[in-house]
Amino acid sequence: MGFMEKILLKNADVPDINDIDVYVAHGGYKSLDKAFQMGPAAVLEEVKRSGLRGRGGAWFPAGMKWQFCVEVNKFPKYLIANADEGEPATFKDRPFLEKDPHQLIEGMIVSAYAIGASKGYIYLRGEYPTGYKVLNAAIDQAYKKNMLGQHIKGADFSFDLAVHRGAGAYICGEASALIESLEGKRGQFRVRPPYMATHGAFGMPTVVNNVETLVNVSHIINGGADWWGSIGSKDSPGPKIFGISGHLQRPGLYELPMGVTLRELIYEYGGGIKDGRELKAVIPGGVSTAMLTPEHLDIKMDVKSLQAAGSAIGSGATTVMSEDACVVHMVWRAMAFFYHESCGRCTPCREGTDWMVKILARIENGAGRTEDLKILEDVCHTIHNNCFCPLGEGAVNPVLSSLKYFRQDFEEHIRTRGCPKGLRARARH
Amino acid sequence: MITLSENTLQEIERAASKYVDRKSALMAALWAAQAEFGQLSPDVIEAVAEVIGVSSAHAQGLATYHSLYWKKPVGKYVVMLCTNIACTLMGAETLLEHLEKKLGIHEGETTPDGMFTLQEVECIGSCGNAPAMVINETFYYDLTAEKIDGILSGLR
């Protein structure tokens with residue numbers, strides 16, 4: 001598979017593409033004219049027909065999510081771009097937040113038009129201060145050019161947009177926690193029902209979509225659902241930005257069609273394993289997705305194929321570990337993250353992640369006990385299906401998958417009283 | 001009781017105008033107050049709560065929920081080194097030890113001269129250029145111990 005022609009990142013390196021005039025000169029905001037001609041119902045149909053699925057990690061069909069909101073007769077409706085990009089190893093949305101912001105704004109306007117939303121927010125993670133400045137400047141420009149505000153480009157459609165800046169909390173990337181945070185409360189999940197399509201932000205019908213999902217919308221409208229849907233895998237089509245990291249020769253962002261194989265991603269685009277080492281493990285879709293092994297290299301990066309392999313595509317953030325990595329150490333570090341980010345509301349997640357950090361640290365540091373592996377599995381099974389939000393579920397995946405594929409590594413740590421690579425789990429606070 | 005500056009108050013009102021409920025501007029207000037005072041001490045949080053119209057307990061709860069609101073004094077430069085998965089794979093833990101030695105403090109502490117605070121942070125979305133760190137609002141990528149030494153001496 002060669003490098004595909006870029007769609008989403010086409011203009012990412014154009015100088016001053018954050019300036020609205022430069023963006024328009026490169027074909028920007030064209031999809032608005034087409035969408036306004038088509039009418040909201042036809043835009044919704046087109047997005048449904050394209051097969052666009054949410055690229056934040058859950059891969060829910062975007063058109064269906066919109067439809068639920070369209071059906072509710074309550075106004076105003078809200079559209080929120082989830083720019084909280086917090087899943088570890090995910091950095092795919094940054095180009096749209098820091099370099100090419102109008103692409104996101106354009107996608108949001110078209111999407112809001114289809115949904116019937118008159119108010120929008122970009123929920124931006126606190127860790128991206130540049131994005132905060134760039135997005136605010138781009139929004140100001142868009143207002144001046146009447147791409148935002150009242151009667152956009154003379155159409156019978158008005159849309160207001162603002163940035164809401166987070167302050168460092170992974171859980172706020174979960175849609176209902178995000179809305180709580182938008183409302184000035186601690187970002188903790190809401191128990192559904194009621195669903196956000198009827199009772200979202202400020203009690204009004206709300207759609208929350210990932211940045212990359214929204215960015216795709218103008219391309220679907222410009223090029224048509226048939227063209228867009230013909231790219232990549234049938235069950236989850238379209239272009240996708242894969243962020244590959246870890247022990248690679250060429251880590252970075254690659255825009256590729258859905259369905260590229262892990263082998264292609266790692267060896268063709270990523271240039272293979274760093275320093276000519278052997279591949280040990282790969283996390284295909286962000287830290288909360290199950291680890292895979294070299295046996296899985298021919299699996300396609302799409303929703304169905306990774307699910308069948310017992311993992312998930314998640315955000316498409318693929319992290320590669322060479323034989324130099326200690327799997328136990330990495331699982332401990334992942335668990336330290338989940339423990340730190342657990343909101344504390346569900347006991348199994350709050351206590352379970354704490355317990356697992358302690359167990360994993362003692363295994364790594366030479367005080368592991370034979371029964372520890374059984375305890376880890378028990379804790380995972382206690383968290384699974386017993387928590388309200390996906391954070392705890394995500395914490396379980398690295399543990400269970402590594403115990404499945406790399407159990408001998410854990411056993412060796414316990415037997416030899418320490419990490420064969422000489423690593424230690426640091427005390428953290 | 002602390003008084004917020006005119007500037008900060010204006011910024012808070014600008015933020016509040018973006019929402020149907022001014023409670024939503026609490027996060028923006030905390031950011032603005034942190035920019036003014038360098039940290040969110042209990043009395044600063046209380047002042048923010050009053051302006052927004054929430055209880056100080058509510059504002060305190062929000063401030064302590066988020067890792068980027070400083071609840072204690074920090075140095076002129078806050079060195080935030082990412083040690084999440086991608087950065088750790090690329091050697092971030094060795095760099096953390098290097099920083100601790102170089103600055104003569106432990107992670108989470110501030111140098112006695114008030115110049116540097118060292119913090120370990122979760123993923124900062126720089127995984128393609130790991131290891132990475134942020135100092136105040138500037139990102140530094142593909143770090144090595146030598147690179148860090150250069151960056152720190154440039155700031156001193």
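As a basis for the values below, the full set of heavy atoms in this structure was taken, side chains included, without hydrogen atoms, waters or symmetry mates. Quick note on labels: first sequence line is chain A, next is B, and so on, each numbered from 1.
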Can you tell me which of A:Met321, A:Gln188, A:Met330 forms the most heavy-atom pairs within a distance under 4.5 Å of chain B? A:Met330

Taking NZ, NE, NH1 and NH2 as the nitrogens, is one of them in B:Glu93 or A:Arg424 under 4.0 Å from a carboxylate oxygen of the other? no

Best-contacting candidate, A:Pro76, A:Gly166, A:Gly243, A:Ser322, against chain B by heavy atom pairs under 4.5 angstrom: A:Gly166

At a 4.5 Å cut-off on heavy atoms, which part of A:Arg165 comes close to chain B: side chain, backbone, both, or neither? both

Do other residues, nucleotides or ligands put more than 12 heavy atoms under 6.0 Å from A:Lys421 NZ? yes

Contact class of A:Ser181 relative to chain B, heavy atoms under 4.5 angstrom: both

Does any backbone or side-chain atom of A:Ile171 lie under 4.5 Å from a heavy atom of chain B? Answer side chain, backbone, both or neither. side chain

Under 6.0 Å from the NZ atom of B:Lys147, do we count more than 12 heavy atoms belonging to anything else shown? yes

Identify the residues of residues 28-53 of chain B whose heavy atoms come closer than 4.5 Å to a heavy atom of chain A, ordered by number, or report 'none'. B:Trp31

Using a 4.5 Å cut-off on heavy atoms from C-beta on, say whether the side chain of B:Leu26 contacts that of A:Lys185. no

Counting only heavy atoms not in A:Asp324, do more than 12 sit closer than 6.0 Å to its CG atom? yes

B:Ser126 versus chain A, heavy atoms under 4.5 Å apart: side chain, backbone, both or neither? both

For each of B:Gly61, B:Ala15, B:Ala130, tally heavy-atom pairs with chain A at distances under 4.5 Å, and name the one with the top tally. B:Gly61

Is B:Val54 in contact with chain A via its backbone, its side chain, both, or neither, using a 4.5 Å heavy-atom distance? neither

Under a 4.5 Å cut-off applied to non-hydrogen side-chain atoms, are A:Leu182 and B:Tyr19 in contact? yes

With a 4.5 angstrom heavy-atom cut-off, is it the side chain or the backbone of A:Tyr121 that approaches chain B, or both, or neither? side chain

Any B:Thr83 side-chain heavy atom under 4.5 Å of A:Phe337 side chain: no

Could you tell me whether the side chain of B:Glu97 reaches within less than 4.5 Å of the side chain of A:Arg426, counting heavy atoms only? yes

Considering only heavy atoms and a distance below 4.5 Å, find which of A:Cys343, A:Ala336, A:Ala325, A:Ala317 pairs most often with chain B. A:Cys343

Does A:Arg186 use its side chain to pair, donor to acceptor, with the backbone of B:Tyr65 at less than 3.5 Å? no

Can you check whether B:Gly128's main-chain N or O pairs, donor with acceptor, with A:Ser245's side chain at less than 3.5 Å? no

Side chain to side chain contact (heavy atoms under 4.5 Å, CB included) between A:Phe91 and B:Cys123, intermediate numbers included: CA-CA 9 Å; A:Phe91 53 112; B:Cys123 189; over 6 Å; no

Which residue out of B:Asp21, B:Val20, B:Val121, B:Thr64 racks up the most heavy-atom pairs below 4.5 Å with chain A? B:Val20

When rounded to the nearest 0.5 angstrom, what is the spacing between SG in B:Cys127 and CG in A:Leu253? 9.0 Å

Output yes when a side-chain donor or acceptor of A:Arg333 lies under 3.5 Å from a complementary backbone atom of B:Thr88, and no otherwise. no

Listed by residue number, which members of residues 79-89 of chain A have a heavy atom under 4.5 Å from any heavy atom of chain B? A:Pro88, A:Ala89

Treating A:Thr319 as the side-chain partner and B:Ala86 as the backbone partner, does any N or O pair qualify as donor plus acceptor under 3.5 Å? no

Heavy-atom check, side chain of B:Glu122 versus side chain of A:His340, under 4.5 Å: yes

For A:Asn136 and B:Lys18, work out which heavy atoms get closest and say how close. OD1-NZ, 4.2 Å

Is the closest side-chain heavy-atom distance between A:His247 and B:Leu89 below 4.5 Å? yes

Hey, mind stepping through A:Tyr128 and B:Val134 against side chain to side chain contact (heavy atoms under 4.5 Å, CB included) and telling me if it holds? CA-CA 10 Å; A:Tyr128 291 169; B:Val134 185; over 6 Å; no

For residues A:Cys172 and B:His66, determine if any side-chain heavy atom of one lies less than 4.5 Å from a side-chain heavy atom of the other. yes

Are the side chains of A:Pro129 and B:Phe139 in contact, using a 4.5 Å heavy-atom criterion? yes

Structural part of A:His329 lying under 4.5 Å from a heavy atom of chain B: side chain

At a heavy-atom separation under 4.5 Å, does A:Glu341 approach chain B through its side chain, its backbone, both, or neither? side chain

Verdict with supporting geometry, A:His164 and B:Met27, side chain to side chain contact (heavy atoms under 4.5 Å, CB included): CA-CA 8 Å; A:His164 185 95; B:Met27 290 193 78; 3.5 Å; yes

